[in-house]
A.B. asks: 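Sharing a structure here in structure tokens format.
Residues take their numbers from the sequence shown, with the count starting at 1.
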Amino acid sequence: MRYVNKAVPKTDGMALTSGKGLYTDDLAPRDCLVVKVLRSPHAFARIKSIRKETASRVTGIACILTWEDVPRIRYTLAGQSYPEPSPYDRYILDQVVRYVGDPVAIVAGRDEACVDKAMRMIQVKYEVLEPVIDFEKALDNPSVIHPESDYHTNFDIGGDPSRNLVSSGCDADGDVEAALAGCDVVVDRTYYTKANAQAMMETFTTYTWLDQTGRLNVTSSTQVPFHCRRIIAHALGLPQGAVRVTKPRIGGGFGAKQTLVSELFPALVTLRTGRPAKIVYTRREVFQASNSRHQMRVHVRVGAMRDGTIKAVDMHALSNAGAYGEHASTTVGLVGHKNIPLYAKNAAFRFTYEVVYTNTMAAGAYRGYGATQGCFAMESAVNELAAELGMDPAQLRLKNLPQQGMNMPAYYNEPLSSSCLPQCIQRGMEMIGWAEKYPSVRVDDRHVRGVGMAITMQGSGISAVDTATATIKLNDDGFYTLMIGATDMGTGCDTILAQMAAEVLKCPMEWITVAPIDTDYSPFDTGSYASSTTYVTGTAVVKACTELVEKITNEGARRLGIHPERARFDGQVVYDHTNPDTRITLAKLGQDSVVGPGSQWLTATASHCSPTSPPPLMAGFAEVEADLETGEVKVVDYVGVVDCGTVVNKNLARIQAEGGIAQGIGMALFEDVCYDGRGMMANNSFMQYKIPSRTDLPQIRVAFEESYEPNGPFGAKSIGEVVINTPAPAVAAAVRNATGVQVRDLPITAEKLVLGMARNREKTV
């Protein structure tokens, strides 16, 4: 292949690194209204009155909107395919506020100064209610967070808002209790993961205006332009045709921008005033009033025979949705469905879950989307099982992996159509020096190095749901325009999809222009999430380009006056293979196809929705150094070996893997969203919320074991999410091997280790 499976530079890399990328705030006119949101200081309260008259008289103020001024339409902010399995539990502004940071009023004015002044002058009286902060106490709590009568869902998700229950469910195969009873060893453990902030560079930013026809135009930093259009139209009571959404460059998303966050506030202002408006979230608002990873408690029971054969897996997840349901009912499913299948080859399994409301900021999508929390629990339990059995944890996994070609009952009964996971494990062991270092090596009197491992799987889009469409056009000078609806968040999907197009069209990549996303012109795509772009959108691109090649060949044959079976297309000319001197260039064909008699503009459109979601697979290996006196832990080496099918772009795939591993190390050791008893977030800035810097990370080493996915474009699967899952359990296992302390509640801190080592010493006395 000429372009696919090569280290092709990112097409916009130089422009972005030299500061030429245009983001939402760069596109907003200087004289547009500045929009800000007055937010609740209480976790749970009813607004008794809002006095805004004095604030409205501040010079430069255009409008102040409260709950009495906005549409009373229930909606969800979750950017996922309709009908969403999300509760419709929001108003744009409500008389009841449900977390510290919930919107109370929208203020718009000519500049920040007047808006800030007006916000200080708004007087709000609250009836403070008793909040629910602890998610383990939310179910059947006396405080009911959503008692409203117009709360609804599109279909049954096992919820009951009167119990603070968002959703619940069960998936099982076989008699789990009987299987556990017959096992020689059963590990029964409970693990906790915290809410994590996505911490993308660009905050939530939206700019809105009305065009000459009165249509609402929305430019926003979003991962889901088409879902964005639908949700905005619904919440504002508009037909979808009255809303247009465009997406410029995005400064990162990691799932946060799969949820609508900022879009509706300036949209309301523009509709009310007729003037352009923009909102740019502060970093504090991003931390305190957007969305995060779901906090979870995961209870795992794993049973095995003495030889290491796993016979039963039982997992229960309790997930904290926060104040609104959003993605909670879908995120929780991945806790079990993306982890149990790796061990359910010969085992009975059961996966149950409950999702609850609390008076904390709503959780949303974050890279890994539930699989990350489940991986920490499942892989930690398997590491503890290996210790109970006295087995090498790598060998325990190799013994129980599903084989290629098998159906996986715990993964929606989908087949494992491609897998190099055994090779990933073996190569990772070699790279980390497992045989020499496992379980630990003493460095000196104070320091010990330990190694640990974990495996994981993810998906490639949402099977039978995610849909992508691509259009490829031959222009009048022989170059192409590729139109997609998938969103490049900085991940390089524009580059990857152009590689695929160039491969099929047999042309230089420079001949392909990837058009920006605009819901008026771009073909429909469900959006950039669920690791769907390479696999789902990529297949649509290949289909469209293949169809265009056929059209080019046939049109060339018609122009040459030969039968289509004699025509060949080499990427630059169409020629008669029986007489190669009879030919027409692509540029000439492009010109003739749009000008003159018999012109036919050559374009092709294709859609794709996959019935399956082939899982990418990964093995991760961590080496840590622990200080036995202070409890300080540092990751000194991390090896990730990934099977994402054919690696489309070796540069971008490596960067994706390195970035995901770095985020996973942050989850393991540093990141810790905390609330006090009043529901106030304690760490709502980078001064308090620690993410790993370059000095906190080792040299992350990444390798690929390429399987061939028969259902993917050029044999490719996804890579975006699978890479974040293994660090937390691998680091936890390495820490245990170094210190003897098994941390089951993230993050792993020096305090937990010092106290744990002290308890262990007491037990030995």
Side-chain angles (χ1 to χ4, degrees), residues 7-13 16-17 21 196-202 221 223 249-258 286 292-293 365-369 371-372 375-376 424 428 454 456 458 460 486-496 528-534 616-622 635 637-644 647-671 686 689-704 716-731 747:
V8 175
K10 199 168 181 285
T11 54
D12 59 351
L16 294 176
T17 54
N196 301 137
Q198 294 91 340
M200 62 283 178
M201 291 179 68
E202 182 197 19
S221 183
Q223 295 174 222
R249 287 287 105 193
I250 293 183
F254 306 117
K257 295 173 183 176
Q258 188 187 340
V286 173
S292 67
R293 188 183 294 285
Y366 186 0
R367 191 179 201 169
Y369 202 80
T372 313
C375 184
F376 172 64
C424 291
T456 189
Q458 198 75 34
S460 300
T487 301
D488 193 327
M489 299 177 280
T491 53
C493 81
D494 287 0
T495 302
I496 290 168
S528 295
Y529 60 89
S531 301
S532 64
T533 305
T534 298
L617 303 148
M618 179 180 175
F621 293 80
V635 180
D637 193 10
Y638 200 95
V639 168
V641 187
V642 185
D643 167 17
C644 57
V647 178
V648 177
N649 187 310
K650 295 189 175 183
N651 279 344
L652 297 180
R654 186 173 303 280
I655 291 167
Q656 283 274 325
E658 290 173 354
I661 289 168
Q663 286 181 307
I665 291 173
M667 178 182 178
L669 295 177
F670 304 112
E671 301 183 45
F686 283 128
Y689 187 82
K690 169 69 173 173
I691 62 174
S693 69
R694 190 66 192 88
T695 58
D696 297 313
L697 296 169
Q699 169 152 359
I700 296 170
R701 297 188 288 146
V702 175
F704 296 96
K717 298 184 282 190
S718 74
I719 193 173
E721 293 181 283
V722 70
V723 291
I724 197 174
N725 296 339
T726 60
V731 169

A.B. asks: To the nearest 0.5 angstrom, please state how far the OH atom of Y638 sits from the CD1 atom of I665.
C.D. replies: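 So the OH of Y638 and the CD1 of I665 are separated by 7.0 Å.
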
A.B. asks: Check whether any side-chain N or O of R701 sits under 3.5 Å from a backbone N or O of D637 as a donor-acceptor pair, and report yes or no.
C.D. replies: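 Judged by distance alone, no pair lies under 3.5 Å.
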
A.B. asks: Could you pull out the closest heavy-atom pair between F621 and G428, with the gap in Å?
C.D. replies: CE1-CA, 3.5 Å

A.B. asks: Supply the atom-to-atom distance I700 CD1 to I655 CD1, rounded to the nearest 0.5 angstrom.
C.D. replies: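 I700 atom CD1 to I655 atom CD1 measures 12.5 Å (nearest 0.5 Å).
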
A.B. asks: Establish, from distance only, whether the side-chain atoms of S531 and Q458 form a donor-acceptor pair under 3.5 Å.
C.D. replies: no

A.B. asks: With side chains defined as the heavy atoms from C-beta onward, is the minimum distance between V702 and V723 less than 4.5 Å?
C.D. replies: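 No, too far: nothing below the 4.5 Å cut-off.
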
A.B. asks: Name all residues meeting the side-chain contact (heavy atoms from CB on, under 4.5 Å) criterion together with A197; count only those two or more places apart in sequence or in a different chain, and write none if there are none.
C.D. replies: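 Listed in chain order: F287, Y689.
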
A.B. asks: Has the side chain of N651 got a donor or acceptor atom that lies under 3.5 Å from a matching backbone atom of R654?
C.D. replies: no

A.B. asks: Would you indicate whether the side-chain heavy atoms of L669 and P727 approach each other to under 4.5 Å?
C.D. replies: no

A.B. asks: Kindly say whether T495 contributes a backbone atom to a donor-acceptor pair with the side chain of K10 at under 3.5 angstrom?
C.D. replies: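 Between the backbone of T495 and the side chain of K10 there is no qualifying donor-acceptor contact (under 3.5 Å).
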
A.B. asks: Just by modelled atom types, is the Q223 backbone N or O under 3.5 Å from a matching donor or acceptor in the T487 side chain?
C.D. replies: yes

A.B. asks: When rounded to the nearest 0.5 angstrom, what distance separates CD in Q699 from CZ in R694?
C.D. replies: 7.0 Å

A.B. asks: How far does CD1 of I719 sit from OG1 of T491, to the nearest 0.5 angstrom?
C.D. replies: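 Nearest 0.5 Å value for the CD1-OG1 distance: 11.5 Å.
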
A.B. asks: Quick one: does Y366's side chain get under 4.5 Å of S292's, heavy atoms only?
C.D. replies: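 They are not in side-chain contact.
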
A.B. asks: Within the side chain of T726, is there an N or O that forms a donor-acceptor pair under 3.5 Å with the backbone of A619?
C.D. replies: no

A.B. asks: Between T456 (side chain only) and M618 (backbone N and O only), is there a donor and an acceptor less than 3.5 Å apart?
C.D. replies: no

A.B. asks: Using only atom types and a distance under 3.5 Å, with no angle test, would you say the side chain of D488 pairs donor to acceptor with the backbone of D494?
C.D. replies: yes

A.B. asks: Of the non-hydrogen atoms in S460 and S718, which two are nearest, and what is the gap between them?
C.D. replies: OG-N, 3.2 Å

A.B. asks: What are the two closest heavy atoms between P729 and A454, and how far apart are they?
C.D. replies: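 In this case the closest contact between P729 and A454 is CG-CB, 3.6 Å.
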
A.B. asks: Does Q198 reach the main-chain N or O of A365 with its side chain, forming a donor-acceptor pair under 3.5 Å?
C.D. replies: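 Side chain of Q198 to backbone of A365: a pair is present.
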
A.B. asks: Nearest 0.5 Å, what's the CG-OG1 distance between L652 and T534?
C.D. replies: 9.5 Å

A.B. asks: Using a strict 4.0 Å threshold on nitrogen-to-oxygen distance, state whether E671 and R293 make a salt bridge.
C.D. replies: no

A.B. asks: Using every non-hydrogen atom in the two residues, find where L16 and G21 come nearest and quote the distance to one decimal.
C.D. replies: CD2-CA, 4.0 Å

A.B. asks: Check whether any side-chain heavy atom of M200 sits under 4.5 Å from a side-chain heavy atom of M489, and report yes or no.
C.D. replies: no

A.B. asks: Considering only heavy atoms from C-beta outward, does the side chain of M667 approach that of I724 to under 4.5 Å?
C.D. replies: no

A.B. asks: About how many Å separate OG1 of T372 and CD of Q663, when rounded to the nearest 0.5 Å?
C.D. replies: 9.5 Å

A.B. asks: With side chain to side chain contact (heavy atoms under 4.5 Å, CB included) as the criterion, how do V722 and K717 come out once you've worked through the C-alpha distance, each side chain's angles and the decisive distance to 0.1 Å?
C.D. replies: CA-CA 11 Å; V722 70; K717 298 184 282 190; over 6 Å; no

A.B. asks: Looking only at heavy atoms, which two atoms of P692 and L697 are closest? And how far apart?
C.D. replies: CB-CD2, 3.9 Å

A.B. asks: Restricting to non-hydrogen atoms, name the atom on P616 and the atom on C644 that form the minimum distance, rounded to 0.1 Å.
C.D. replies: CB-CA, 4.3 Å

